[in-house]
Structure formats: structure tokens, C-alpha cells
Amino acid sequence: MTAAQQHSGEAGAGLLRGQWAVVTGGSKGIGYAIAERFVGEGANVLIAARDKAALDEAAGRLRALAGDGQRIESLPADLGGRAGIDALFDHIARELPVLNIFVANVGYGIFRSFLEVTDEEWDGIVSTNLTGTFRCTQAAARLMRDRPADNRAILVISSIRAQGARPNTLPYSTTKAGLNQLVRVAAYELAPLGIRVNALSPGLVVTPMALSHNPQAAELGAELAPLNRAGMPSDMAEGALYLCNPAASFVTGTNLVVDGGESLW
Ligand SMILES: NC(=O)c1ccc[n+]([C@@H]2O[C@H](COP(=O)([O-])OP(=O)(O)OC[C@H]3O[C@@H](n4cnc5c(N)ncnc54)[C@H](OP(=O)(O)O)[C@@H]3O)[C@@H](O)[C@H]2O)c1
């Protein structure tokens, strides 16, 4: 049983009771685990992703965890382009009374050598990981500015690959390094408005994406992490909950590494 399942349905419990959280890429992997953890803490949650069937299924699982009066919404949208991002934020502005938490989790990897990366691959990953996250976080910050609330937090899912250097990671690690800088400057600019901006950097986490790159991701993760086990989406959800909950009101511009020690070597 995950922490989210343990906490769900407990009357009065809930670090995020009554808050509204939006999680992009919330149908699978790390995004779903974050959405699940937030629901377990009493949040109303909107998830967005492209595949409507997977999104509906994920929203159904979240509804089963939610307590009375908690709202779960889903919106199919491609957040790698302007049209999908506009559709998401039109929906948020129209349907949600407030936006307390925005988790920019959408992203993917291309793992091949610098000399072989094509223009098309480069443009695609920059457009989704970097430009898409810039547009989403800017739109979220504008909405938060216009609708003040006690807890307003933006979280960007980065990666430990943004630090150090490993072969065959150039397009991915470059976009994630850009996101780390986006987080720092945005945190500085938005602090006077009371809006916090932080990053979470996972190591290898066993998700559909990781498994599509390497079916032995769990075994590899255990080898890479000094803590001797692979990272799970629920590990990332605990970090996300810390950064986004009101008790972290003095935390902004930070980058929380959750990697079992993988980046220590
Ligand atoms: N897994 C790891 O080892 C690892 C390590 C470090 C960092 N991360 C980062 O963590 C984040 C989540 O990764 P994950 O491993 O959980 O990935 P995942 O298993 O592939 O899940 C990605 C989620 O994002 C959605 N998505 C992908 N592209 C989208 C788009 N253009 N528009 C809207 N939704 C989109 C997917 O649904 P649809 O496909 O239906 O759209 C899915 O819900 C990424 O930013 C990744 O870079 C992952």
C-alpha cells in the first residue's frame, strides 16, 4: 500500500486539504504518483496528458482514492505545443477556483551520441522539455499572481542528468539544465508575489519511460544507487509533497535531488 493510499479517506487528515493542484503528465509514472500522493493529502487535482484513455483510467483511480467533496479532473492536451498549453490554461482559468500548486512534469529523453542527434530530435525535445515547461510555468505564475492564495507553489521535474556529464545524454541533460536555471530566476522574480518555484531532480526511476529505454531499469537503478535499490515514482511523490505543501513556505529556488545517492559518484 502506498503512502497516498494509507492517507486517503482519513477525515481531517491532509496537508493539502482544500487546495487545487495541477500535474502535467499525470496519467503515468512520476506524475501519476505525485497526483496520487496529493489526493491522499486532501487536494483537488487536475491531471493532463495526451492519451485520453490512459488519462481517464488514471483519473478513475484517483477518484477511487478521493474523499467526499474532493474533485478530480482530467484534460487531454499535448503540452509540447502552444495549442495544448492554451487549452489547459483556458480550462484552469474557467473551471478551477484557484491554482495553489502546479507541477510541470512532462518531459522525455533521447539517449544517443552528440554526433548523431538530428535537428528533428533536438527541436522536439527542446520544444517539449524546455519551451513547453517555460510556457506552462509562465502561464501558471500569471494565474497565481492574479488569484492570490495562501500556498502557491510551482514545481519543475528536472533530472540529476542536468548536473555532471554522461555520454549520450546531451539533448536531455541540456534541456534539464535549462530548467534548473529557469527555476532559479523565476523563484527570484516571483518571491515578492509569494509564489514559490522549486525543482525536483530524480535519479533513475522505474516508470513506463525508463522501462521503454531499458526493460532492466529496476536492476540498473539498484546498481547505480548507493542505497541499493531503484527509485520508485512514490519516492518522487514524497519530495514533491514536501516542496509543494504550505509547511515549505520558506523554500524557494531549490533543487531537491531524490536519487538514492546516484549522483554522488
Ligand atoms: N523515469 C526516470 O528515470 C526519470 C529520471 C529523471 C527525470 N525524469 C523526469 O520525470 C518526468 C516524468 O517522467 P516519467 O519517467 O514519469 O515519464 P513517463 O512514464 O513517460 O510518463 C510521462 C507522462 O507525461 C505525459 N506526457 C508525455 N509527453 C507529453 C506531452 N507532450 N503532453 C502532455 N503529456 C505528455 C505522458 O502521457 P501521454 O504519453 O499520454 O501524453 C505521461 O503521463 C520527465 O520530465 C522526466 O524527464 C524521469
Side-chain angles (χ1 to χ4, degrees), residues 22-36 45-59 61-62 74-89 91 103-111 123-133 135-137 155-164 166 169 171-180 182-183 199-222 224-225 230-237 239-240 255-260 262-263:
V22 173
V23 183
T24 73
S27 65
K28 292 178 210 157
I30 293 170
Y32 178 77
I34 292 173
E36 185 186 56
V45 171
L46 164 64
I47 54 173
R50 292 166 301 185
D51 178 346
K52 188 174 179 320
L55 195 62
D56 288 346
E57 201 264 327
R61 279 188 283 147
L62 294 176
S74 61
L75 188 90
D78 182 348
L79 303 175
R82 176 48 85 186
I85 293 169
D86 286 349
L88 173 63
F89 282 91
H91 180 93
V103 181
N105 164 71
V106 163
Y108 69 95
I110 293 170
F111 300 101
D123 290 346
I125 199 166
V126 169
S127 154
T128 295
N129 290 14
L130 195 53
T131 309
T133 303
R135 289 174 172 163
C136 282
T137 52
L155 176 63
V156 172
I157 305 302
S158 182
S159 167
I160 59 165
R161 294 280 78 89
Q163 300 160 51
R166 293 281 190 284
T169 65
Y172 183 65
S173 62
T174 304
T175 59
K176 294 295 189 178
L179 291 183
N180 287 353
L182 180 153
V183 163
L200 186 148
S201 287
L204 180 56
V205 182
V206 184
T207 65
M209 176 171 86
L211 290 166
S212 74
H213 290 295
N214 182 351
Q216 309 299 317
E219 292 76 5
L220 178 62
L224 293 174
M232 300 306 290
S234 57
D235 295 311
M236 306 308 121
N255 184 345
L256 180 64
V257 172
V258 184
D259 71 346
E262 185 184 341
S263 57

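Read the numbers this way: they start at 1 and go in the same order the structure lists the ligands and their atoms. We number each residue from 1, following the sequence as shown.
An N or O contact shorter than 3.5 Å links R50 to ligand 1 by distance. By the 3.5 Å distance cut-off applied to N or O atoms, M209 is counted among the residues near ligand 1. No N or O atom of G29 sits closer than 3.5 Å to an N or O atom of ligand 1. Taking any N or O of S159, backbone or side chain, none lies under 3.5 Å from an N or O belonging to ligand 1. Considering backbone and side-chain N/O of I30, one or more are found under 3.5 Å from N/O of ligand 1. Between D78 and ligand 1, at least one N/O pair is under 3.5 Å apart. Residue-to-ligand polar distances keep P202 apart from ligand 1: every N/O pair is separated by 3.5 Å or more. Here's the thing with L79: one of its N/O atoms is less than 3.5 angstrom from an N/O atom of ligand 1.
Ligand 1 lies less than 4.0 angstrom from a heavy atom belonging to S158. Not a single heavy atom of Y32 sits closer than 4.0 Å to an atom of ligand 1. Residue-ligand proximity: M236 is placed with every non-hydrogen atom at 4.0 Å or more from ligand 1. Taking 4.0 Å as the cut-off, G231 does not count as a neighbour of ligand 1 on heavy-atom distance. The closest approach between G221 and ligand 1 stays at or above 4.0 Å for every heavy atom of the residue.
In terms of modelled atom types and a separation under 3.5 Å, the side chain of T175 and the main chain of Y172 share a donor-acceptor contact. Of the possible donor and acceptor atoms, one in the side chain of S127 sits under 3.5 Å from a partner among the backbone N and O of G80.
Only side-chain heavy atoms of K176 come within less than 4.0 Å of ligand 1; its backbone N, CA, C and O stay farther off.
Counting heavy atoms from C-beta outward, T133 and V106 have side chains that stay 4.5 Å or more apart.
For atom 22 (C) of ligand 1, no protein non-hydrogen atom is found at a distance below 4.0 Å.
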